[in-house]
Amino acid sequence: MSIEIRNVSKRFGDFQALGDVSLDIASGELVALLGPSGCGKTTLLRIIAGLEAADAGSILFAGEDTTDVHVRERQVGFVFQHYALFRHMTVFENVAFGLRVRPRRTRPSEAQIKAKVHELLSLVQLDWLADRYPSQLSGGQRQRIALARALAVEPKVLLLDEPFGALDAKVRKELRRWLRRLHDELHVTSIFVTHDQEEALEVADRVVLMNKGRIEQVGSPQQVWDQPASPFVYGFLGDVNLFHGRADDGAVEVQGIRLESPEHGNVRNAQALAYVRPHDLEIRPWVAGGTGIAATLDRAIVVGPIARLELEPVDANPDNPGSGTIIEAQIPAQQFRDLGLAEGDKVLATPRKARVFVEEDWVSP
Amino acid sequence: MSIEIRNVSKRFGDFQALGDVSLDIASGELVALLGPSGCGKTTLLRIIAGLEAADAGSILFAGEDTTDVHVRERQVGFVFQHYALFRHMTVFENVAFGLRVRPRRTRPSEAQIKAKVHELLSLVQLDWLADRYPSQLSGGQRQRIALARALAVEPKVLLLDEPFGALDAKVRKELRRWLRRLHDELHVTSIFVTHDQEEALEVADRVVLMNKGRIEQVGSPQQVWDQPASPFVYGFLGDVNLFHGRADDGAVEVQGIRLESPEHGNVRNAQALAYVRPHDLEIRPWVAGGTGIAATLDRAIVVGPIARLELEPVDANPDNPGSGTIIEAQIPAQQFRDLGLAEGDKVLATPRKARVFVEEDWVSP
Amino acid sequence: QTTLLNVSYDVAREFYKDYNSAFVAHYKKTTGKDVKIDQSHAGSSAQARAVADGLDADVVTMNTTTDIEFLADKGVVAKDWAKRFPDNAAPTTSTMLFMVRKGNPKGIKDWDDLIKPGVQVVVVNPKTGGNGRYAYLAAWGYVKKKGGTDAQAAEFVGKLFKNVPVLARGGRDATTAFLQRNIGDALITFESEVISIDREYGAGKVDVVYPSISVLAENPVAVVERTVAKKGTADLAKAYLDYLYSEEGQEIAAKHAMRPRNQAVLKKHADVFKPLQLFTVQELFGSLGEAQKVHFNDGGQFDKLYTPGGK
Amino acid sequence: MSGGTTLRAANRRAKAGTTESPLVRWLLIGLALAFMTLFLVLPLAAVATEALRKGLDAYIEALREPDAWAAIWLTLITAAISVPLNLVFGVAAAWAIAKFEFRGKAFLTTLVDLPFAVSPVVAGLVYVLVLGAQGWFGPWLAEHNIKIIFAVPGIVLATVFVTFPFIARELIPLMQAQGSDEEQAAIVLGATGWQTFWRVTLPNIKWGLLYGVILCNARAMGEFGAVSVVSGHIRGQTNTMPLHVEVLYNEYQSVGAFAVASLLALLALVTLVIKTAIEWRHEREMKALAALPPERPTPATPVAKPAAQSASERQAL
Amino acid sequence: MPSSNSPALPASPAAPVSRSGSPRAGRARRVLPGFGLTLGYTLFWLGLIVLLPLSALLLKSFSLTWEQFWTAVSAPRVLASYRLTFGASFLAALVNLFAGLLVAWVLVRYEFPGKRIVDALVDLPFALPTAVAGISLTALLAGNGWIGQYLEPHGIKLAFTPAGVVIALIFIGLPFVVRTVQPVLEDSEKELEEAATSLGATRWQTFWRVILPSILPALITGFAMAFARAIGEYGSVIFIAGNMPMVSEITPLIIIGKLEQYDYAGATAVAVVMLLFSFVMLLVINALQGWQRRRAGGAS
Ligand SMILES: Nc1ncnc2c1ncn2[C@@H]1O[C@H](COP(=O)(O)OP(=O)(O)OP(=O)(O)O)[C@@H](O)[C@H]1O
Ligand SMILES: Nc1ncnc2c1ncn2[C@@H]1O[C@H](COP(=O)(O)OP(=O)(O)OP(=O)(O)O)[C@@H](O)[C@H]1O
Ligand SMILES: [Mg+2]
Ligand SMILES: [Mg+2]
Ligand SMILES: O=S(=O)([O-])[O-]
């Protein structure tokens, strides 16, 4: 079922939690709502579910306005951040709940319920836990039971609020892959909320980036990564180094280095921000007079295939507010070893690629 | 101050939480205790702090037995996982607490306390929050206040229990770097508990890997990464693919591929487990008869410099229990693009490097 | 079967228990009708308030006339209720006596002995119990009867109450304080309580002292017109109260230490009801209602005993 | 290993970190017990002694009086009516106050507490003022021959008033602490309001509810002042146990009075024992739950046979 | 690329609905059902059982002129009774504050034989008829009582003095403090105490600076409840009070006294004064707690 979000706004008292949000989600899509804490992700999700009413705007399910449809009848599956499992019910009873509360007419028989619940528990690979109580489960298990419970009512839409937020790093990684797989199997339109960009990029078909109650960008993981629409998106999606410079005539000069920036061809001598991802920095041993940003290697973390380097610019220029802070670089571990650098050595860093925003870009969001 | 942990054991009822743990920590070191949930990390930390008593064994601070030293007098700074800030005190009062409760003789004057607290608040970069209450702070801010509070008493040892556990992915990343930096500045002997391997590897001088109440390995991040002492360590430190095979005469055969394993030179025809990290798999387009594990490309996540691939072995062999599950591979994004692979394509995966454990290795820990 | 509700004061439960069975038998014999009597007992004026507020009493049998006056004011009983039955509509009376410790160690003989320094007297709070009001009036009347002025009476009563360590809430509390808690040298209480005290604590534990002069405390009765009109029990109610004046009724009363009006019965029990000089409230105070206003209401004579500057 | 002495020393040390020294501990326990003995045990003992002052026979005799039985019966009836009434109110009030935000909530909560602060005598009096023959509705009630005051309904009303806040007071903080996540989950799953309440809310609050009911019941059975004013004290009809105690006491029948009182104390103790038993069971249940291993048992899936060192070995899930 | 930043007019005619502040205005509805029903029922029942009768009290006292009212509530004896009632209630609540905290502390923190019995006994004052409690306490404390006999020789008189009033009120109020503090103490985080200890605080400092502030709201509530209940208490007090005007006469007894002289209006006037006082106190306490919760609130 497709979902259309039309100009939804929501205030809490004086606080604008959502400002005129519009978004279309195609049937069967898996969409991630990504954004920093407090940006309104949960609020939007709850409005879609009908758990909260929008002040303005409307939500359409398969083209039909749901404003007057009660949560109960929206046929959404909602997975709460802290699971909200029924404490006093066994896992089985939790999953069966949605079936048992149906009106007698449409309620399946006991046998059907049993079969259905066990099918779902197998789906989430926790069949053997049917008789436990939620308090006897680990976080990851609870999460999957919450999902099974939401799926039991065969929802047309699945909404997940930070489904992996409360879990260990390791378990989180396992579950996100598992969620993706499940979605590929069931193909129910799903929206999940997260503030972990890695999670969003890895799992979702499309990523919706939110900030301060507004949508900053919508696109496939690759799109938002490669063409971030705003400095916020750029900064939020991964580690990034920020350099201040001047844009002029399709190029930006940062600390004596000229970076091409064809999209700003018509900009003349404007202040510019150049965002450079750590892996877009080239590192060479320092040579006097060499181009690049002179820096000292502060710390090198070389575990696995990537060496992460922290560099301190040598000549912190007070006129250049971007300097003085640490520059982060990532190079292949092999290359690092080949360079033979030790902590304390001086290096030259050259941005290979940068995303440039000039003054006027900053204003918009 | 150096810390020696000598044969410490601890039971809770029937449950052996710590079994004969010994560990030396040099003065000024930053050590990470890493392990899965319930492995006894917190218990060990609490024993060091004196918040819990060991059943057997002893803790030495700078060579002196602390058994009879009360927590109060151990001069440890303890940072709790959930901060344990005093809710009814302002940030300032929280940080000043340790100074205010000193006996009158050694208590600094109000002016000194004020100066000291502001110095610490500047150190954690939260000077402007002095008059707030903990409930008015974000998680990351609370964490830093907890640290400032612990530092106020000028502890000889700093103990941190999952200091970043409850934080956002993004905030967590920032804070861990900040912690490292702080440590480099203050050089107080520090132990921090975590179950996030990335965190441990990035921040610590040395990593202590724990499992089921015992220490599995102690070493620098690079050491434990490159030479994991046990399958557990290997598995815990990062994503890993597991292949079952036979070890014979200094080599292991896995699905027709021969991997050198000189350390098992004297093993004859034994069951073996080969652990291969995702980035140690080489991926080539499938060619009939080519060596390597034939697999289908299930999903490719290409954001940033690394392409993460999920491969499904084509010919799941029921005799080989390792097969049938997904194989994970990581290759440079550029290489992935060069290969021109699409989801659904068949590929050949060849382990470039593997860590092999034969039967007898599994028994030890 | 008709039922009749007799709303009465605290310590009359046992008496009416016996009286009721006698009356039921008598009524059956004389009229052939069965009747059931319900009893209600609590503090006298609390009971009067309950009746005024709607408790469906057919008859009220109290130990202070003010309580029935109040009901008359409310129109619940007839205005001339006191005339409807003989003897001021009080079939029984009682009076105030002293109880002293066995052997009378302090040598208490009369009212004058109670105001001596060092003598402690237990009295009921006149604010909350009829018992206390009568004790107060008896003391006042004693002075007046001996020819004293009001001022002298007030001074005397003031001294008496200076000797009071505990103002009990009701008769029973006073007895408990005196007998069980061992407080005070004398207890001023109704003659009718003596028998109950003997029963509870065993006879002869204390000595009874009859003062030279005391007050006649009437136990008035009345038909509650409001109820009997509604229930049609007027005749029964009247019969019930009339029977109190019968020889049998008076005899039962005497057995419960209430002074019968019937002189013959009274004589018969002369050992219990020692003759002493009794004055009526009407004689010295106009009426109990008057006395209430002057002495016991807020700001009255009694309050002045305790308020600084008041006299 | 460093042997037994250090071990014991260590135990002593570390315990001192978050608890008091044994000396202080026993001092505090002693103080608390002394206080409890003085203020609770001794009065109870006094009741028992008084009741048995004239021997067991007199005690039993006193309890066999029909009036005593009527009083016991009325007391039980009163509790049986007023406790459910307050139960319904308590649950409704707690639902409204704990699950929703609205203006004037603090004020409403205060109003719910108010009966705690009203003198019981005044509590009885106010009903007389409203419903008595001279009160607002008295004439109307008399006209329609409805008896409330000085009859069982009045006693129930007064009891309801006095025990009014007990259950709500117990439930409000409990339900506030539990939040409404589970209820929202139930609604999303298609449950109606009633289903949500019966199947989700009620099981979650049942212990607190029970506790409130027991306290409410204890107070309902023991209430004297308010009931006294509205009862009418009709022997065998509107005398509850506490009132009967009063009548007997004033009648100089202290054995009877204390016998009935002891019965009340006994009823109270029985409910308290039930409460304790229930709590104990609840606690045990909770402990049993807590004792179970929080994480999955080791043989999660039969994938890696002998190598089951840890879950992480199972190749990428 | 940004999909929603277009300044296009909103599709639905909506916005100003909630400008006024209340997010519930307009078409917004609550997800959980039963708000109207439960709040309605609560208000109805509250009105019926509590407010209607109490307003009768108020109206009855209004039948007095202001001057009569003032005389009724400010006569010297009445004033003395306020002093005693409020003073003794305050003292008793204060004692309960400490004793209740002590009992709750011991019950929560320590193990000792008979703990469950003690725990169960705490509720006894709720159950025992107040008059019985009063009689028993008097029996214990009177000069010849179990306890009194040891005190009397030393010149300590408890029964029939204001001290007796305080003792009866302590008995009545104890469960309120214990039962409000107990759960809070049970929930209090061990970590806070550990943090304080590791920062060098002694046990006493930890209690005083960390534990006490965190249970203070509960303590205050318990105190307020015990106080409020004590002010109204009658049954147990009159037996032990001695009831001497100006000395040991409590306000409820004044009310009864006024009723004895059929002065309904005067009785209600005094009752209204007591009620107002209690109500204001409860209100202040509730507000105070709400404020405290908001300040310290939030997940820590
Ligand atoms: N019921 C409410 N009353 C008042 N403010 C609210 C309410 N619910 C949310 N808010 C505010 O609205 C903003 C958005 O909240 P929301 O829960 O949607 O954020 P979020 O993006 O989900 O954040 P997080 O990642 O922390 O969960 C926050 O500033 C929050 O404080
Ligand atoms: N006070 C206690 N009583 C009983 N068992 C306990 C107690 N404290 C800890 N344990 C048990 O000891 C084991 C180790 O606990 P510990 O808290 O040290 O684990 P951990 O490594 O810190 O785990 P986590 O990452 O989940 O915090 C766990 O199984 C736990 O259940
Ligand atoms: Mg959220
Ligand atoms: Mg831990
Ligand atoms: O309400 S419980 O937490 O006890 O289920």
Side-chain angles (χ1 to χ4, degrees), chain C residues 3 5-17 20 36-44 46-47 49-57 71 73-76 129 131 168-176 179-180 192-202 224 226-227 230-231 256, chain D residues 46 49-50 53-54 58 65-67 70 121 124-143 145-151 154 224-225 227-239 243-258:
Chain C
T3 63
L5 176 59
N6 173 13
V7 169
S8 185
Y9 59 98
D10 247 339
V11 280
R13 193 179 72 118
E14 291 289 306
F15 162 61
Y16 278 107
K17 212 164 138 190
N20 286 346
K36 180 169 167 281
I37 315 291
D38 288 327
Q39 304 172 230
S40 164
H41 296 274
S44 186
Q47 292 291 73
R49 264 181 287 125
V51 172
D53 283 323
L55 179 57
D56 282 332
L71 290 176
D73 285 349
K74 293 281 166 198
V76 175
N131 193 321
R169 189 184 53 136
R172 173 62 212 260
D173 296 335
T175 310
T176 310
L179 272 163
Q180 244 171 329
S192 53
E193 301 234 339
V194 173
I195 205 165
S196 313
I197 291 168
D198 283 351
R199 192 181 56 220
E200 172 77 4
Y201 297 100
V224 179
R226 183 192 63 198
T227 313
K230 199 166 64 185
K231 279 170 68 182
H256 285 89
Chain D
T49 334
E50 276 295 314
R53 193 159 54 93
K54 290 186 178 166
E65 213 202 330
D67 286 358
V121 178
L125 180 65
V126 293
Y127 283 109
V128 173
L129 291 180
V130 174
L131 302 169
Q134 318 172 56
W136 292 351
F137 303 115
W140 185 87
L141 289 171
E143 230 165 79
N145 217 5
I146 302 170
K147 282 194 188 170
I148 296 182
I149 294 293
F150 310 119
F224 168 73
V227 170
S228 169
V229 178
V230 296
S231 133
H233 299 96
I234 305 172
R235 206 165 66 106
Q237 286 179 24
T238 62
N239 269 345
L243 297 184
H244 189 61
V245 169
E246 163 96 349
V247 170
L248 287 177
Y249 180 77
N250 282 337
E251 275 294 319
Y252 293 96
Q253 300 190 21
S254 63
V255 169
F258 279 95

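At a 4.5 Å heavy-atom cutoff, the contact between Q253(D) and chain C is made by backbone and side-chain atoms alike. Looking at A46(C), neither its backbone nor its side chain comes within 4.5 Å of chain D, counting heavy atoms on both sides. Within the 4.5 angstrom heavy-atom criterion, no atom of N6(C) approaches chain D. Both the backbone and the side chain of A52(C) come within contact range of chain D, with heavy atoms under 4.5 Å apart.
In this structure, CG on N239(D) lies 10.5 Å from CD on Q39(C), to the nearest 0.5 angstrom. Atom OG1 of T176(C) and atom CG of N250(D) lie 8.5 Å apart (nearest 0.5 Å).
With a 6.0 Å cutoff to the six-membered ring centre and a 45° limit on the axis angle, R199(C) does not count as a cation-pi contact of Y252(D).
Heavy-atom pairs under 4.5 Å with chain C were tallied for E251(D), Q237(D), K147(D); the largest tally goes to E251(D). Chain D forms the most heavy-atom pairs under 4.5 Å with one residue out of A12(C), G54(C), G171(C), and that residue is G54(C). Per-residue counts of heavy-atom pairs under 4.5 Å with chain C were compared for I234(D), V255(D), L141(D); the largest is that of I234(D).
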Problem set entry | Chi angles and distances behind the salt bridge (Lys or Arg N to Asp or Glu O under 4.0 Å) call for R53(D), E200(C) | CA-CA 11 Å; R53(D) 193 159 54 93; E200(C) 172 77 4; 2.9 Å; yes

For this session: Decide yes or no on salt bridge (Lys or Arg N to Asp or Glu O under 4.0 Å) for D67(D) and K17(C), but give the supporting numbers first.
Result: CA-CA 12 Å; D67(D) 286 358; K17(C) 212 164 138 190; 5.8 Å; no

For this session: Start with the C-alpha distance between R235(D) and D38(C), add both sets of side-chain angles, then the distance that settles side-chain contact (heavy atoms from CB on, under 4.5 Å), and finish with yes or no.
Result: CA-CA 7 Å; R235(D) 206 165 66 106; D38(C) 288 327; over 6 Å; no

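Contact of the L248(D) side chain with the R13(C) side chain is registered, since non-hydrogen atoms from C-beta on lie closer than 4.5 Å.
Contact detail for D53(C) and F150(D): the closest heavy-atom pair is O-CE1, 3.5 Å.
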